[in-house]
Amino acid sequence: MIVVYGIKEKLNPIKAKLSDVIHECMQSVLGMPEDKRAHRFVPMEKEDFYYPGGRTDAYTVIEINMMAGRKSETQKRLIKTLFKEIECELSINPIDIEITIKEQPAHCWGFRGITGDEANDLKYKVNV
């Protein structure tokens with residue numbers, strides 16, 4: 001699951017395209033299937049969204065929640081691909097993008113009535 005935060009006036013007009021860019025990166029780097037898009041957008045009031053100096057109102061935070069197992073090289077490739085593609089497709093400078101990957105063990109995930117460690121029919125690989 002991916003959660004994206006930003007100032008609503010900047011985030012709302014681009015969220016559909018941003019979702020497409022994020023998902024394309026997830027597919028190309030992690031091999032996620034087309035139907036595994038789980039994105040949540042949290043448009044915020046400017047007065048509720050504090051961010052570091054040197055950033056603009058386009059500052060966007062992307063939290064990627066995933067089952068543990070991807071190699072650090074794969075995770076770094078995903079982050080760098082996201083920076084590149086978001087800048088190319090949406091003209092958001094990488095200084096205005098913050099990306100965090102939050103990994104949890106498979107047993108901490110629950111979906112379709114089972115835990116992640118019980119799922120043996122995933123259409124993608126976790127250990128890449």
Side-chain angles (χ1 to χ4, degrees):
M1 178 183 352
I2 298 173
V3 182
V4 181
Y5 301 88
I7 295 174
K8 71 178 184 178
E9 289 82 9
K10 295 289 187 176
L11 186 59
N12 281 336
I14 64 162
K15 63 185 170 186
K17 179 66 175 171
L18 181 55
S19 179
D20 289 343
V21 170
I22 292 170
H23 193 59
E24 289 166 8
C25 292
M26 298 292 286
Q27 288 181 290
S28 69
V29 176
L30 300 182
M32 298 298 287
E34 175 61 37
D35 67 344
K36 287 308 263 186
R37 186 184 307 220
H39 300 169
R40 309 296 181 263
F41 286 85
V42 183
M44 301 180 71
E45 298 291 336
K46 185 172 180 164
E47 63 267 15
D48 295 326
F49 192 56
Y50 294 88
Y51 48 84
R55 306 321 192 266
T56 71
D57 285 352
Y59 183 71
T60 305
V61 176
I62 302 169
E63 293 179 352
I64 302 170
N65 295 282
M66 64 173 73
M67 280 192 265
R70 276 81 176 193
K71 297 176 188 169
S72 60
E73 297 83 17
T74 303
Q75 293 177 7
K76 288 171 69 171
R77 190 168 65 248
L78 176 61
I79 289 169
K80 290 177 181 185
T81 301
L82 284 163
F83 283 137
K84 178 180 172 274
E85 293 302 318
I86 292 170
E87 182 176 30
C88 180
E89 296 294 327
L90 293 161
S91 300
I92 299 175
N93 192 309
I95 193 75
D96 279 326
I97 302 167
E98 180 178 310
I99 301 167
T100 56
I101 295 177
K102 298 178 177 184
E103 287 187 303
Q104 301 87 21
H107 70 270
C108 292
W109 282 82
F111 49 86
R112 297 181 298 165
I114 58 175
T115 58
D117 61 334
E118 297 170 330
N120 57 12
D121 62 343
L122 297 177
K123 298 177 187 173
Y124 57 93
K125 294 181 182 179
V126 173
N127 298 311
V128 294

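- For the residue pair Ile95 and Gly54, the shortest heavy atom distance occurs at CG1-O, 4.1 Å.
- Asn12 and Pro43 get closest at one heavy-atom pair: OD1-CG, 3.2 Å.
- Between atom CD1 of residue Ile62 and atom NE2 of residue His39 there is a gap of 9.5 Å, rounded to the nearest 0.5 Å.
- No donor-acceptor pair closer than 3.5 Å links the side chain of Thr100 to the backbone N or O of Glu98.
- Contact of the Val4 side chain with the Ile22 side chain is registered, since non-hydrogen atoms from C-beta on lie closer than 4.5 Å.
- Ile64 is connected to Phe83 through a chain of hydrophobic side-chain contacts under 4.5 Å among Ile, Leu, Val, Met, Phe, Trp and Tyr, so both are in one cluster.
- Here the CE atom belonging to Met26 is positioned 10.0 Å from the OG atom belonging to Ser28, to the nearest 0.5 angstrom.
- Within the 4.5 Å cutoff, side-chain heavy atoms of Ile92 are placed close to those of Ile14.
- Put simply, Met1 and Leu30 are part of two different groups of oily side chains (I, L, V, M, F, W, Y) that touch within less than 4.5 Å, one to the next.
- Side-chain atoms of Asn93 and Thr56, non-hydrogen and from C-beta on, never get closer than 4.5 Å to each other.
- Met32 CE to His23 NE2: the interatomic distance, rounded to the nearest 0.5 Å, is 7.5 Å.
- Considering CE of Met66 and CG of Leu78, their distance stands at 5.5 Å, rounded to 0.5 Å.
- The shortest distance between side-chain heavy atoms of Asp96 and Tyr51 does not fall below 4.5 Å.
- Lys15 contributes atom NZ, which lies 13.5 Å from atom CG of Asp20 (distance to the nearest 0.5 angstrom).
- In this structure, CE on Met67 lies 11.0 Å from CD on Glu103, to the nearest 0.5 angstrom.
- Val61 has its side chain within reach of Phe49: a pair of non-hydrogen atoms, C-beta onward, lies under 4.5 Å apart.
- Between Lys84 and Lys80 there is no side-chain heavy-atom pair separated by less than 4.5 Å.
- Within a 6.0 Å radius of CZ in Phe111, other residues, nucleotides and ligands contribute more than 12 heavy atoms.
- In this structure, the side chains of Glu9 and Asp57 stay at 4.5 Å or more apart for every pair of heavy atoms.
- Summarising the geometry of Val29 relative to Thr74, their closest heavy-atom pair is CG1-O, 3.7 Å, with the distance given to 0.1 Å.
- In the hydrophobic cluster analysis, where Ile, Leu, Val, Met, Phe, Trp and Tyr join through side-chain heavy atoms closer than 4.5 angstrom, Tyr5 is grouped apart from Leu82.
- In this structure, Met44 is not a member of the same hydrophobic cluster as Ile2, with clusters built from ILVMFWY side-chain heavy atoms closer than 4.5 Å.
- By the side chain to side chain contact (heavy atoms under 4.5 Å, CB included) test, Pro33 is found to be paired with Asp35, Lys36, Lys123, Tyr124, residues two or more places apart in sequence or in another chain being considered.
- Listed here is the closest heavy atom pair of Thr81 and Cys25: CG2-SG, 3.7 Å.
- Nearest heavy-atom pair across Gly53 and Arg55 is O-NH1, 2.7 Å.
- In the hydrophobic cluster analysis, where Ile, Leu, Val, Met, Phe, Trp and Tyr join through side-chain heavy atoms closer than 4.5 angstrom, Ile99 is grouped together with Phe41.
- For Lys17, the side chain to side chain contact (heavy atoms under 4.5 Å, CB included) partners at least two apart in sequence or on another chain are Val21, Glu89, Leu90.
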